[in-house]
Amino acid sequence: MSLFIYNTLTRSKEEFKPIHEGFVGMYVCGPTVYSHSHIGHAKSYISFDVIVRYLRYLGNKVLYIQNITDVGHLTDDADEGEDKIIKQARLDRVHPMQIAETITRSYFDDMDKLGVERPDISPRASGHIIEQIEIIKKLLMNGFAYEVNGSVYYDVQKFKNYGKLSGRVLEESVEGTRVESRSEKRHPADFALWKKAESGHIMRWPSPWGEGFPGWHIECSAMSMKYLGETFDIHGGGMDNQFPHHECEIAQSEAATEKPFVKYWIHNNLVTVNGKKMSKSLGNFITLKDAFKKYDPLVVRFFILQSHYRSTLDFSDEALQGANTGYDKLLNTIRNLRDEIKKAESEKRTDGVGLDLSLHKKHFLEAMDDDFNAPLALGVLFDLARETNQSLNTEQKISIDTLKQIDQLFSELGGRILGIIPIIPIYTGNFSLTIKKQLVNMTGTNTPPNRDIEDIESKLIDLLIETRKEIRENKLWSLSDKIRDQLEVIGFKIEDKKDGTNWRKIN
RNA sequence: GGCGCCGUACCCAAGUGGUAAGGGAGAGGUCUGCAAAACCUUUAUGCAACGGUUCGAAUCCGUUCGGCGCCUCCA
């Protein structure tokens with residue numbers, strides 16, 4: 001089996017063959033940092049996170065670049081509108097870079113919680129002004145750009161392949177109602193490479209054309225090629241960036257280098273609310289910070305992975321709630337499995353039946369190989385969970401080896417690749433430790449749990465459980481039920497099993 | 001107006017020619033002191049509608065209806 005990826009450039013699934021075997025250069029358009037991330041950002045970056053994870057799983061050495069746009073964009077290619085970061089800065093009465101810094105931290109914080117592994121390099125646009133100017137200079141020299149009054153524009157009519165990604169024809173877009181006709185541009189579809197800064201514009205840099213700031217496509221060309229070379233394997237981004245952003249990137253880069261820019265273009269689809277795109281400009285977005293108040297971040301991740309990255313995903317509370325329950329069910333299986341491993345080890349189990357897991361793994365990998373079909377792969381995980389639970393339920397014990405193999409498979413597929421199952425083996429210690437908490441800690445950025453308090457907490461609960469056991473032996477049901485109910489109110493879930501009582505922290 | 005996408009059960013959602021994955025919710029059952037968890041059974045003769053191609057279509061073609069995205073910044 002080999003990996004197939006849907007390439008927007010060819011509108012078809014193609015077998016993935018990196019330019020240099022074993023090495024993958026990948027660039028994904030990062031956020032413009034002027035306001036907190038919402039569910040839509042989560043879908044995008046989780047999708048690409050899984051793609052990177054899978055490419056690495058397959059043995060590739062991946063260099064993953066994702067920019068931070070801290071220069072801000074004009075609201076359009078004409079002179080109208082205000083740079084978004086500057087606007088927010090004005091509203092907050094702080095320096096624009098302070099907004100960018102605050103939101104950048106907020107972004108990473110949200111992504112960490114979602115289990116999104118950090119990019120290898122997160123270049124800031126503001127730190128690559130020189131590289132951007134260099135490309136513009138090259139384009140001026142090549143005749144693909146022209147300077148007017150301190151601004152530089154790209155001459156789209158000079159680039160014969162303009163439109164090859166988005167399938168647009170230049171003439172048609174000219175007739176479009178939204179493209180303005182006035183201005184200093186030669187052609188309405190020409191776009192700014194460099195804009196002259198008017199007085200009062202705070203974010204400005206010196207350039208051969210006077211003080212100004214870069215246009216809103218050039219940063220990605222500059223930063224991607226700086227770290228990945230003039231031709232690289234994968235460029236990703238949201239579908240809404242296909243045109244004009246990615247189209248312009250191609251035009252700039254290929255005109256400047258005279259080489260193909262990107263081999264595979266990957267675009268993820270959008271999150272909708274009541275069928276409408278969730279976006280900052282529509283104002284119908286749910287920030288991740290708000291979502292996390294109600295749902296575990298990994299539930300959000302699970303929810304997103306339940307649909308394909310190229311499909312839209314409709315957000316609703318009901319759907320999130322469903323994902324929550326489904327995810328808990330999956331984790332329950334892991335928990336029960338790991339409890340059983342612990343038990344089997346303590347009783348020094350030497351016999352037991354085995355299970356053939358190869359088919360599950362095969363199906364999972366087939367799903368991922370087919371353009372990263374995570375929802376289908378998740379289905380395989382649920383199949384495995386059901387089979388695991390069945391086996392756990394029967395009288396016939398499973399061998400330690402098999403139990404560990406199942407755990408290993410869950411960790412490998414659901415953990416390493418999909419990032420929703422904790423990969424830390426919980427063979428030792430108290431099985432009741434909160435699984436989710438451990439997973440989040442795995443990302444390395446959350447406050448580690450306070451061991452002392454957890455230890456005391458755990459001993460106290462054990463004591464209560466022990467006491468309750470005697471109460472139950474004396475059939476004082478109302479008292480034992482009261483303890484169970486009250487513990488749940490406090491945040492501890494109690495489950496009476498045949499061979500003892502399990503407890504775990506909830507939330 | 002141009003380009004593109006989508007319409008699968010109560011909800012979310014896979015499935016692009018071979019006879020409808022998975023999750024949630026609902027119903028019944030097993031286990032259990034009860035609860036929880038788990039398991040089992042069940043829930044779309046049908047995939048917006050109509051027509052066509054085919055031995056065979058949710059999947060291909062056409063028409064219609066409905067919804068959405070991009071063409072201004074947006075993941």
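In what follows, chains carry the letters A, B, and so on, assigned in the order in which the sequence lines appear, proteins first and then strands, with residues in each chain numbered from 1. Values below: all heavy atoms of this structure, side chains included; hydrogens, waters and symmetry mates excluded.
Among the heavy atoms of the strands, none lies under 4.0 Å from A:V380. Among the atoms of the strands shown, none is found under 4.0 Å from any heavy atom of A:F302. Among the heavy atoms of the strands, none lies under 4.0 Å from A:K475. Residue-level contact check: A:G40 touches the bases, meaning some heavy atom is under 4.0 Å from a base atom. Residue A:S166 is in sugar-phosphate contact alone, with no base atom involved, counting any heavy-atom pair closer than 4.0 Å across all strands shown. Nucleic acid contact class of A:T325 (heavy atoms, under 4.0 Å, all strands): sugar-phosphate only. Nucleic acid contact class of A:L378 (heavy atoms, under 4.0 Å, all strands): none.
Proximity of A:F191 to A:L193: side-chain heavy atoms (C-beta onward) are separated by under 4.5 Å at one or more points. Using a 4.5 Å cut-off on side-chain heavy atoms (C-beta onward), A:H201 and A:K196 make no contact. Counting heavy atoms from C-beta outward, A:L337 and A:L403 have side chains that approach closer than 4.5 Å. At least one side-chain heavy atom of A:F108 sits less than 4.5 Å from a side-chain heavy atom of A:I68. Within the 4.5 Å cutoff, the side chain of A:T312 has no heavy atoms near those of the A:K277 side chain. No side-chain heavy atom of A:T69 sits under 4.5 Å from any side-chain heavy atom of A:W216.
Looking at A:K482 and A:D485, no side-chain N of the basic residue comes within less than 4.0 Å of a carboxylate O on the acidic one, giving no salt bridge. Salt-bridge formation is detected for the pair A:D496/A:R472: a Lys NZ or Arg NE/NH1/NH2 atom is positioned less than 4.0 Å from an Asp or Glu carboxylate oxygen.
Using atom C1' as the reference point in both B:G24 and B:G2, the two lie 41 Å apart (nearest Å). As rounded to the nearest Å, B:C11 and B:G18 have P atoms that lie 27 Å from one another. Using C1' as the reference atom, B:A49 and B:A35 are 49 Å apart when rounded to the nearest Å. For the P atoms, the distance from B:C60 to B:G4 is 16 Å, rounded to whole Å. Taking atom P on both B:G26 and B:A36, the two are 12 Å apart, rounded to the nearest angstrom. The separation of B:C12 from B:G52, taken at their P atoms, amounts to 32 Å, rounded to a whole angstrom. Between B:U59 and B:U8, the distance separating the two C1' atoms is 11 Å to the nearest Å. Nucleotides B:A21 and B:U45 place their P atoms 14 Å apart, quoted to the nearest Å.
A:H128 meets the side-chain contact (heavy atoms from CB on, under 4.5 Å) test with A:P123, A:E131, A:Q132, A:M223, A:K226, A:Y227; sequence neighbours excluded. Remark: A:S166 pairs with A:R168, A:F243, A:E247 by the side-chain contact (heavy atoms from CB on, under 4.5 Å) rule, at least two apart or across chains.
Listed for the A:D120 side chain is a donor-acceptor partner under 3.5 Å among the backbone atoms of A:Y64.
Using a 5.5 Å limit on the distance between ring centres and a 30° limit on the angle between planes, the aromatic ring of A:W477 counts as stacked on the six-membered base ring of B:G33.
Here the closest heavy-atom approach between residue A:A385 and residue A:L330 is recorded as CB-CD1, 3.9 Å.
Whole-Å rounding puts the A:E395 CD to B:U30 P distance at 18 Å. In this entry the distance linking CG of A:D190 with P of B:C71 reads 18 Å, nearest Å. Between A:F243 atom CZ and B:U72 atom P there is a gap of 7 Å when expressed in whole angstrom units. Atom pair A:N284:CG and B:C68:C1' shows a separation of 13 Å (rounding to whole Å applied). Atom pair A:N268:CG and B:C68:P shows a separation of 20 Å (rounding to whole Å applied). In this structure, A:L270 places its CG atom 18 Å from P of B:G4, rounding to the nearest Å. Rounded to an integer number of Å, the gap from A:I420 CD1 to B:G23 C1' is 11 Å. Between A:R168 atom CZ and B:G69 atom C1' the separation is 10 Å, expressed in whole Å.
Take the nearest nucleotide of RNA chain B for A:S478 and for A:A323: the residue whose nucleotide is more 5' is A:A323. The nearest heavy atom of RNA chain B to A:G322 and to A:N269 marks one nucleotide each, and the one closer to the 5' end goes with A:G322.
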Report task. Spell out protein contact along nucleotides 34-44 of chain B as letters: B when the base is contacted, S when just the sugar-phosphate is, - when no protein heavy atom is under 4.0 Å; keep the 5' to 3' order. Result -> BBBSSSS----
Query raised in the report: What is the per-nucleotide protein-contact pattern of nucleotides 8-16 of chain B, from the 5' end, where B denotes a base atom under 4.0 Å from a protein heavy atom, S denotes such proximity for sugar-phosphate atoms only, and - denotes neither?
Result: ---SSSSS-
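Evaluated for a side chain to side chain donor-acceptor pair (under 3.5 Å) with A:Y153, the options A:H187, A:E184, A:K185, A:R186 yield exactly one hit, A:E184.
Both tests pass for A:K280 against the ring of A:Y34: distance under 6.0 Å to the centre and angle within 45° of the axis.
Base pairing annotation: B:C3 forms a Watson-Crick or G-U wobble pair with B:G69, both donor-acceptor distances under 3.5 Å. Base pairing annotation: B:G18 forms a Watson-Crick or G-U wobble pair with B:C55, both donor-acceptor distances under 3.5 Å. The partner of B:C39, taking Watson-Crick or G-U wobble pairs whose two distances both stay under 3.5 Å, is B:G29. In this structure B:C47 sits in no base pair that meets the Watson-Crick or G-U test at under 3.5 Å. Pairing of B:C74, defined by two Watson-Crick or G-U wobble distances under 3.5 Å, is not identified with any nucleotide.
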Can you pull every protein N or O that's under 3.5 Å from an N or O on nucleotides 57-59 of chain B?
none

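For A:K277 and B:G69, the shortest distance from a side-chain N or O to OP1 or OP2 is not below 4.0 Å. The shortest distance between the side-chain N/O atoms of A:N241 and the OP1/OP2 oxygens of B:C74 is below 4.0 Å.
Pairs engaging residues 370-387 of chain A under the salt bridge (Lys or Arg N to Asp or Glu O under 4.0 Å) rule: A:K13-A:D370, A:R310-A:D371, A:D383-A:R386 [sequence neighbours left out].
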